Amino acid sequence: MSDTAPHPIPMVDLTAQYPLIRGAIDDGLAAALDEARFILGPGVQAFEAEAADYLGCAHAVGVASGTDALHLALLGAGVGPGDEVITTPFSFIATAEAICYVGARPVFADIDPQTFNLDPDAVAAAIGPRTRAIVPVHLFGQPADMPRLQALATHHGLQLIEDCAQSFGAAIDDDMTGSRGVTGAFSFFPSKNLGGYGDGGLVTTQDEAIARELRALRNHGSHRRYYHDRIGYNSRLDELQAVILRAKLPHIDHFNDGRRRVAHRYSEGLAGRPGLVTPHEDGIGRHVYHQYTLLCDDQAGRDALMERLAAEHIASAVYYPVPLHRQAAFGGAEPVHTMNRNGPGCPVADSTAARCLSLPMYPEMPDADIERVIDVIRR
Ligand SMILES: *Cc1c(COP(=O)(O)O)cnc(C)c1O
């Protein structure tokens, strides 16, 4: 070994998969520029058809971002003012923001301490007369407990809207995430499992009428140019992003297998370390490891581990340091509606936010880098 500092290990290296898809991207972009149909052009239409086919959904509607996908998915499912929507406090803020956009109120149900996904018992305890919908997030790429959430939704007549921003390609049995709910919302933010080279999103549904509604909502409430049936939005998937996504889609299973390879090597190398819990695969579905997230004994241990990794030029990140019910945007802890299986509050989300740490994770991560991360943590 030389005495120079070891190379930095980033959370994600988006350049690593470019060589594999460069030819398809170059050809696709050149064709799109020649064609010059930049708004809802042939690339968007083709990507929607290919994504719907891959996801096992009758319809897929490309939109401008994952946040917009959630917003339009909620509108398409008929959620609106006066409704309560049960969701997880342990997610990116967009999940709950979108609920607010449609005039509904988020109700935060606590999470499972092992998977960090919604605890169905907490959801059951949170259901009240105004509850209209449940929005599970397939967090870090692991499918939420859809069988139990579907049973609750059916029993209480609620809409189930899946936040699939982190779970493209994750499945329960043969059903992809996004195919069981009334709608599913995907993000193509560059670092997601299927990422564009800019913003993008997708809404899936099996329902023809909802798909038609979504196509109008993303395009100024219009089915026919300059005839507007309702107030809609300007939220279309960009044609050039569709070219990038079409180039990547045929490789998504391979990319997700790469993530699982990294995750399983981490878990092998870190098994049995005192003070550390490696991610739990609950077997409900196939985990596609958008993130690989450890749980430390306490916040001091987590912060010390993060510093130790940084000193060795290894990135790590806390997803998420402040649970949504504690965010200033929702008024802080007091006025926010929260529930766990025994009563108000989300103690598991609070404790998880204080103790979680995500490690570098991307499909092409070199073995030597994985071993270096493991070595530093084991020391
Ligand atoms: C990334 C993400 C979103 C938002 O997607 P954007 O494309 O960034 O708008 C929503 N929910 C979750 C869980 C996410 O991880």
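We count ligands from 1, going down the list as the structure has it; atoms in each ligand are counted the same way. On a predicted model such as this, the values are computed, not experimentally measured, just so you know. Side chains are part of it too, since the values below use all heavy atoms of this structure and drop only hydrogens, waters and symmetry mates.
Aromatic ring centres of His290 and Phe168: separated by at least 6.0 Å. Taking the six-membered ring for Trp and the full ring otherwise, Phe90 and Tyr319 have centroids separated by 6.0 Å or more.
Note on ring orientation: taking the six-membered ring where Trp is involved, the planes of Tyr320 and Phe140 are parallel (angle under 30°, cut-offs 30° and 60°).
Among residues two or more places apart in sequence or in another chain, the side-chain contact (heavy atoms from CB on, under 4.5 Å) test is passed with Asp238 by Leu240, Gln241.
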When you check ligand 1 against the protein, what N or O pairs turn up below 3.5 Å? List the atom names and distances, or just say none.
{"residue": "ligand 1", "atom": "5 (O)", "partner": "Ser187", "partner atom": "OG", "Å": "3.3"}
{"residue": "ligand 1", "atom": "7 (O)", "partner": "Gly66", "partner atom": "N", "Å": "2.8"}
{"residue": "ligand 1", "atom": "7 (O)", "partner": "Ser187", "partner atom": "OG", "Å": "2.6"}
{"residue": "ligand 1", "atom": "9 (O)", "partner": "Gly66", "partner atom": "N", "Å": "3.3"}
{"residue": "ligand 1", "atom": "9 (O)", "partner": "Thr67", "partner atom": "N", "Å": "2.8"}
{"residue": "ligand 1", "atom": "9 (O)", "partner": "Thr67", "partner atom": "OG1", "Å": "2.5"}
{"residue": "ligand 1", "atom": "11 (N)", "partner": "Asp163", "partner atom": "OD1", "Å": "3.4"}
{"residue": "ligand 1", "atom": "11 (N)", "partner": "Asp163", "partner atom": "OD2", "Å": "2.9"}
{"residue": "ligand 1", "atom": "15 (O)", "partner": "Gln166", "partner atom": "NE2", "Å": "2.8"}
{"residue": "ligand 1", "atom": "15 (O)", "partner": "Lys192", "partner atom": "NZ", "Å": "3.1"}

Problem - Stepwise side-chain contact (heavy atoms from CB on, under 4.5 Å) test for His59 and Gln206 - result: CA-CA 6 Å; His59 308 277; Gln206 308 290 9; 6.0 Å; no
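Looking only at atom types and distance, the side chain of Asp119 has no donor-acceptor partner in the side chain of Asn340 under 3.5 Å away.
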